[in-house]
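Notes follow the structure.
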Amino acid sequence: MRILFLGDIVGRSGRDALTDKLPGLRAALRADLVVVNGENASHGFGLAPEMARAFFLAGTDVITLGNHAWDRKEIIPYLEVEHRVVRPINFPPGTPGRGSFVAVLDDGRKALVINVMGRLFMDALDDPFRAVQAELQKHPLGRAVQAAVVDVHAEASSEKQAMGHSFDGLASLIVGTHTHAPTADHQILAGGTAYMTDAGMCGDYDSIIGMQKGAAALRFWKKVPGEKLAPAEGEATLCGVFVETDDATGLAKQVGALRVGGRLSQLMPGF
């Protein structure tokens with residue numbers, strides 16, 4: 001299975017880049033599954049249902065969320081009917097929506113997508129490790145599903161790496177989101193799981209993690225509330241990771257980083 005994962009979509013710039021470039025990217029990469037983190041799509045804070053629908057029309061199969069999951073209140077009833085949008089699985093029981101989704105490809109192959117949120121320097125949610133362990137046990141890789149993707153929405157690189165090594169061999173791809181800067185550590189771990197500490201964002205990199213520089217920088221200078229943060233509006237770079245798996249085992253055969261458009265150096269997987 002050929003899987004494209006794109007990091008946090010930030011604001012209009014990120015949304016426009018995704019809807020403009022994804023159809024061509026999907027065709028060029030011959031991607032079977034596209035997963036996108038959409039939790040910053042709406043002005044940097046949350047996801048609106050109409051934005052999710054536009055992402056699906058552009059070729060996205062599953063949308064993951066994170067700590068801004070509830071910033072657009074209209075997403076709450078939408079999650080109850082649109083199961084392709086998944087919020088972190090370790091929210092307490094009874095929270096609206098679901099933390100995972102099994103995508104069924106046209107040829108019948110299945111791919112599990114899990115969204116989980118870290119706890120270090122983040123909100124104190126339920127244990128992310130036990131939540132992911134339980135979900136992976138329900139969908140054994142190479143048997144119940146042909147692929148499994150885990151989006152680890154977390155602040156600390158150590159927590160993301162711990163997640164990767166803890167479930168090495170049980171998932172096809174474990175990839176971090178939230179910090180909005182693509183890391184250079186994409187690799188296949190010893191047990192066969194593809195891993196990347198952070199996929200980066202899909203947004204304008206002439207910014208501070210996707211936000212306009214002036215107001216964002218002043219928060220560090222003055223330590224007092226300032227003007228509301230707003231997304232940068234220049235050309236976005238789509239950042240993510242691309243993986244090819246073995247259908248028999250569900251494990252990764254190849255992994256490559258992806259950067260398309262905007263200011264960053266361009267990079268396309270060569271397989």
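None of the values given here were measured: they were computed from a predicted structure. Numbers for residues simply follow the sequence, beginning at 1.
If you take CG on L141 and CG on L112, they are separated by 9.0 Å, rounding to the nearest 0.5 Å. Taken to the nearest 0.5 Å, the CZ atom of F101 stands 14.0 Å off from the CD1 atom of I89. Atom CD of residue E39 and atom CG of residue N67 lie 4.5 Å apart, to the nearest 0.5 angstrom. In this structure, CG on L65 lies 10.5 Å from CG on D8, to the nearest 0.5 angstrom. Atom CE in M211 sits 10.5 Å away from atom NE2 in H43 (nearest 0.5 Å). Distance CG/L258 to NE2/H186: 10.5 Å, rounded to 0.5 Å.
Salt bridge status for K21 with D16: absent, with no side-chain N to carboxylate O gap under 4.0 Å. A salt bridge does not link R119 with D126: every distance from a Lys NZ or Arg NE/NH1/NH2 to an Asp or Glu carboxylate oxygen is 4.0 Å or more. Comment: D61 does not engage R84 in a salt bridge, judged by the lack of any side-chain N to carboxylate O separation of less than 4.0 angstrom.
With hydrogens and angles left out, the side-chain atoms of T179 and D198 include a donor and acceptor closer than 3.5 Å. H68 and D71 are linked by a side-chain donor-acceptor pair at a separation below 3.5 angstrom, with hydrogens and angles left out of the test. When only modelled atom types and interatomic distance are considered, T237 and R259 share no side-chain donor-acceptor pair under 3.5 Å. In the model, D151 has a side-chain atom that pairs as donor or acceptor with a side-chain atom of N37 under 3.5 Å. Counting only N and O atoms by type, the side chains of D185 and T197 include a donor and acceptor under 3.5 Å apart.
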Before you tell me yes or no, could you show the steps for S100 and E135 under side-chain hydrogen bond (donor to acceptor under 3.5 Å, both in side chains), namely the whole-Å CA-CA distance, both residues' side-chain angles and the distance that decides it to 0.1 Å? CA-CA 8 Å; S100 71; E135 198 65 15; 2.7 Å; yes
Set out, in order, the CA-CA distance, both residues' side-chain angles and the distance that settles side-chain contact (heavy atoms from CB on, under 4.5 Å) for L47 and V85, then state yes or no. CA-CA 10 Å; L47 174 72; V85 182; 4.1 Å; yes
Apply side-chain contact (heavy atoms from CB on, under 4.5 Å) to T193 and I188, showing your working. CA-CA 5 Å; T193 294; I188 298 177; over 6 Å; no
Worked check of side-chain contact (heavy atoms from CB on, under 4.5 Å) between L4 and V35: CA-CA 6 Å; L4 173 62; V35 182; over 6 Å; no
For side-chain contact (heavy atoms from CB on, under 4.5 Å), just list the numbers for I63 and V86, CA-CA rounded to whole Å, side-chain angles, deciding distance to a tenth of an Å, and then say yes or no. CA-CA 6 Å; I63 301 172; V86 294; over 6 Å; no
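L33 has its side chain out of reach of R109: every pair of non-hydrogen atoms, C-beta onward, lies at least 4.5 Å apart. Here the side chains of K110 and L105 are not in contact, with every heavy-atom distance at 4.5 Å or above. When side chains are defined from C-beta on, C239 does not count as touching M201, because their heavy atoms never get closer than 4.5 Å. Using a 4.5 Å heavy-atom cutoff, the side chains of K253 and L251 are not in contact. The closest side-chain heavy-atom distance from E233 to D204 is not below 4.5 Å. Residues V150 and V175 have side chains not in contact (no heavy-atom distance under 4.5 Å, counting atoms from C-beta outward). Side-chain contact between P96 and E80 is present, with at least one heavy-atom pair separated by less than 4.5 Å. For the pair L173/M196, no side-chain contact is recorded, criterion being any heavy-atom separation below 4.5 Å from C-beta on.
Using modelled atom types, one side-chain atom of N90 and one backbone atom of M117 make a donor-acceptor pair closer than 3.5 Å. A donor-acceptor pair is defined here as one N or O able to donate and one able to accept, closer than 3.5 Å; no such pair exists between the side chain of H178 and the backbone of A154. At distances below 3.5 Å, not a single donor-acceptor pair connects side-chain atoms of E244 with backbone N or O atoms of R2. Panel note: side chain S172, backbone A148; a donor-acceptor pair is recorded below 3.5 Å. The closest donor-acceptor contact from the side chain of D247 to the backbone of Q146 lies at 3.5 Å or more, if one exists at all. Side chain of S166 to main chain of A162: a donor-acceptor pair is present (N/O by atom type, distance under 3.5 Å, no hydrogens or angles). A donor-acceptor contact shorter than 3.5 Å links the side chain of K160 to the backbone of T177.
Nearest heavy atom pair, residue H180 against residue I209, reads ND1-O, 3.0 Å. Pairing each heavy atom of A252 with each of V243, the nearest pair is CB-CG1, 3.9 Å. Residues S157 and Y195 approach most closely at O-OH, 4.3 Å, considering heavy atoms. Counting all heavy atoms, side chain and backbone alike, P231 lies closest to Q212 at O-NE2, 3.2 Å. The two residues T95 and R87 have their closest heavy-atom pair at O-NH2, 2.9 Å. Considering every non-hydrogen atom in both L6 and C202, the closest pair reads CB-SG, 4.0 Å.
When the options V116, N115, I174 are evaluated for a side chain to side chain contact (heavy atoms under 4.5 Å, CB included) with V132, the one that passes is V116.
Grouping the Ile, Leu, Val, Met, Phe, Trp and Tyr side chains by contacts below 4.5 angstrom, directly or via other members, places Y78 with I76. Criterion: ILVMFWY side-chain heavy atoms under 4.5 Å apart, direct or through other members. Under it, F45 and I9 are not part of a common hydrophobic cluster. Put simply, V34 and L18 are part of the same group of oily side chains (I, L, V, M, F, W, Y) that touch within less than 4.5 Å, one to the next. In the hydrophobic cluster analysis, where Ile, Leu, Val, Met, Phe, Trp and Tyr join through side-chain heavy atoms closer than 4.5 angstrom, V149 is grouped apart from F56. Connection of F167 to I114 is established within a shared hydrophobic cluster, with ILVMFWY side chains joined at heavy-atom distances below 4.5 Å, either directly or through further cluster members.
Aromatic ring centres of F242 and F271: separated by under 6.0 Å. The aromatic ring centres of W70 and F91 sit less than 6.0 Å apart.
Within 6.0 Å of CD in Q161 there are more than 12 heavy atoms belonging to other residues, nucleotides or ligands. Shown here is R26, whose CZ atom has more than 12 heavy atoms of other residues, nucleotides or ligands within 6.0 Å. Within 6.0 Å of atom CZ in R219, more than 12 heavy atoms from other residues, nucleotides or ligands are found, so the atom counts as buried in its surroundings.
Relative to the six-membered ring of F55, R15 misses at least one condition, a distance below 6.0 Å or an angle of at most 45° to the axis.
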